[in-house]
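Single-structure report; data block below.
Everything numeric here is computed off the predicted structure, so don't read it as measured data. The chains referred to below are lettered A, B, ... by the order of the sequence lines, with proteins before strands, and numbering in each begins at 1.
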Amino acid sequence: MSASSEILDRFVNGEYEHGFVTDIESDTLPPGLNDSVVRTISARKQEPEWMLDWRLRAYHHWLGMSQPDWAHLRQPQIDFDSISYYSAPKRKKDGPKSLDEVDPQILDTYEKLGIPLEEQKALAGVAVDAVFDSVSVATTFRRQLTEAGVIFCSMSEAIREYPDLIQQYLGSVVPHTDNFFASLNSAVFSDGTFVYIPAGVRCPMELSTYFRINEARTGQFERTLIVAAPGSQVSYLEGCTAPMRDENQLHAAVVELIAMEDASIKYSTVQNWYPGDARGRGGIYNFVTKRGDCRGDRSHISWTQVETGSAITWKYPSCILRGNDSVGEFHSVAVTRGQQQADTGTKMIHMGRNTRSTIVSKGISAGEAQNTYRGLVRMTPGAENARNHTRCDSLLIGDRCGAHTFPYMESRNPTARIEHEATTSRIGEDQLFYCRQRGLSEEDAVSLLVNGFCKEVFNELPMEFAVEAQKLLNVTLEGAVG
Amino acid sequence: MLNIENLHASVDNKPILNGIDLQIRAGEVHAIMGPNGSGKSTLAHVLAGREGYTVTDGQVLFEGEDLLGLETEERAHRGVFLAMQYPVELPGVNNAAFLKASLNSVRTARGEAALDAPAFLKLARDRIALVGMQDRFLKRNVNAGFSGGEKKRNEILQMALLEPKLAILDETDSGLDIDALRIVADGVNALRNPGRAIIIVTHYQRLLDYIQPDRVHVLANGRIACSGDGTLAQELEEKGYGWLNEESAA
């Protein structure tokens, strides 16, 4: 008993590995939100009139909304007037043209996080559109992608360079009126990523963006839009870490995916935002709207996420299965420890015939954390012969944490089939003793058991990412168990 | 190799072991028998270092070192192995991966190089053959969905891989049919060697039909009530344990 609780305490009190602040000058708007702030953001980014109008419509809509309270979360009321809505690293002229021009301190930050751009460029074959605070500071592999006809650029650039595509697709999956946080994002989004894969093209490399919040009290409002034209394929990796902070930081991103006929999008996330200290102070609030639209027949969208960070996570990557025979997948590992809270899951909206969806959710809670799975499977009248299979497994570490499962199922088509399975288990003293008797340390034993629990989801991640995720999990759960 | 002196231990403040004295030399096989509640399994767990078992007096020297001062995994690294009465299931943990991690942790602690995957597989196949099992054991998750007999055989396989100096088999015969019993016994016999001591904890004599012990000790009320050679086990089988209590009461 004693050794177990000691381990548990070490785990609960483990310091956040990626907590440090990079000291660079930045150009930050004073806190508060009003018409003029929205106009300023738009002007700073030299946006066209239509973009400003869209932002303002979203802002005015948002003014009439209130923060949602249905999630299984204890959340303080956020003072939206105490947040600064724009922060950009100061630039000498128009911005860096190559990595050489990037602030060495920024590059150093990535080094500390184990994401050396240079090395990635050479070794991993991953193109990185690195988002440091709110503005992209480095883009690599542009040329190779251009040859394949793939557009991979910051959202600001896309608004200037590809206005037709942006006007056609932005907000077409998550409208500016969608929900409180999505509307806020639409009004003040600072930057993000745009990807367009032309018809029939298989993207020649895995695309990756690393996010990082660095400026105190700066809300991070990223906007990601990925469009896969008919017959195209893309795999996109998103990973984040954030430095240690005392004040809560709001993160309200929006991600929209559009898969046309026979197109396939695989979106993988490893999220490691700062979770707050032992008493839960200072962690990131992560309120994210992620939605994929399987717009064409036989299209395929797959979400895979490994969530280990944030004080509060509110996130439901979803699929709208519009095209006939389209496929939606959601594979998730959510780890909460200390005072962390997560209310996460997915929505699978079946509209087309023979649409199929798979949900695999693995929740791990330790300390006093609360981990909630919330999932909706909806079979509309048109979802002839549609199928869903859901599996929710919860793993409890210690006896002060909680796991909750809220599956919502609606079927309006008698030929549709929905299956749901759920299990809850606990890492037991007997399992730990067994492993230790075989020579493994307690930490190795925990890592083995947790990785075994998550294996199915890790198998869905691209290779290098799976290794990273496993490492992250081991770091997160260092000394985890009782 | 193992020297137990005046060992007292309690669980939840209830005394279970009340002064055990036992010496085991390398190469010997000792059987520890006794009725339910006599402290057999407690002795096995105390030696392995399980939480919740409190040593209140006495000492245990293993190759001259104070065994009770070591963590559970350190004892494993020194060569103490406990084949469990109820092997635990580890869902999602591949048996081969587990065995490899386990073997390499022991090897590393001994200052030997960790085995890579091909070297491990070669060794594992060799040991599987030694204990009369099939390669498919490696592909399954640790004990998950194993039958009672398979779990026990998996314990013997682990023992064959880890090559302990001191192997403690805690009621390995319980719940086995006669064929499984024979397989387990053959495995144990194959692992008998001059450098290894084996303690067989059992309620029944039948396992000892297949594994000939050098010494048999009978535990009653947390003490060794009597010791003898293999014939003592036969005697117990005929008379049961009742006479022991009468004798110790007398």
### Query
Heavy-atom distance under 4.5 Å to chain A: side chain of B/L162, backbone, both or neither?
side chain
### Task
State which residue, out of B/E155, B/H45, B/K40, fulfils the side chain to side chain contact (heavy atoms under 4.5 Å, CB included) condition with B/D170.
B/H45
### Heavy atoms of other groups near B/N193 CG, more than 12 under 6.0 Å
yes
### Message
Taking atom CZ as the centre, does A/R356 end up with more than 12 heavy-atom neighbours from other residues, nucleotides or ligands that are less than 6.0 angstrom away?
### Response
no
### Task
Pick whichever of A/S425, A/C435, A/A445 has the most heavy-atom pairs under 4.5 Å with chain B.
A/C435
#### Entry: Residue B/N94 versus chain A: region with a heavy atom under 4.5 Å
both
#### Entry: Neighbour count above 12 (heavy atom, 6.0 Å) for B/D12 CG
no
### Query
What do you reckon, is CZ of B/R25 surrounded by more than 12 foreign heavy atoms closer than 6.0 Å?
no
## Note on the structure
Turns out that what part of B/E89 lies under 4.5 Å from chain A's heavy atoms comes down to backbone
### Task
Go through the atoms of B/R75 and report whether side chain, backbone, both or neither lie under 4.5 Å from a heavy atom of chain A.
neither
### Query
For B/A83, is it the side chain, the backbone, both or neither that has a heavy atom under 4.5 Å from a heavy atom of chain A?
backbone
### Query
Side chain, backbone, both or neither: which part of B/P87 has a heavy atom under 4.5 Å from chain A?
both
### Task
Please work out which of the three classes, parallel, tilted or perpendicular, describes the rings of B/F146 and B/F137, given edges at 30° and 60°.
perpendicular
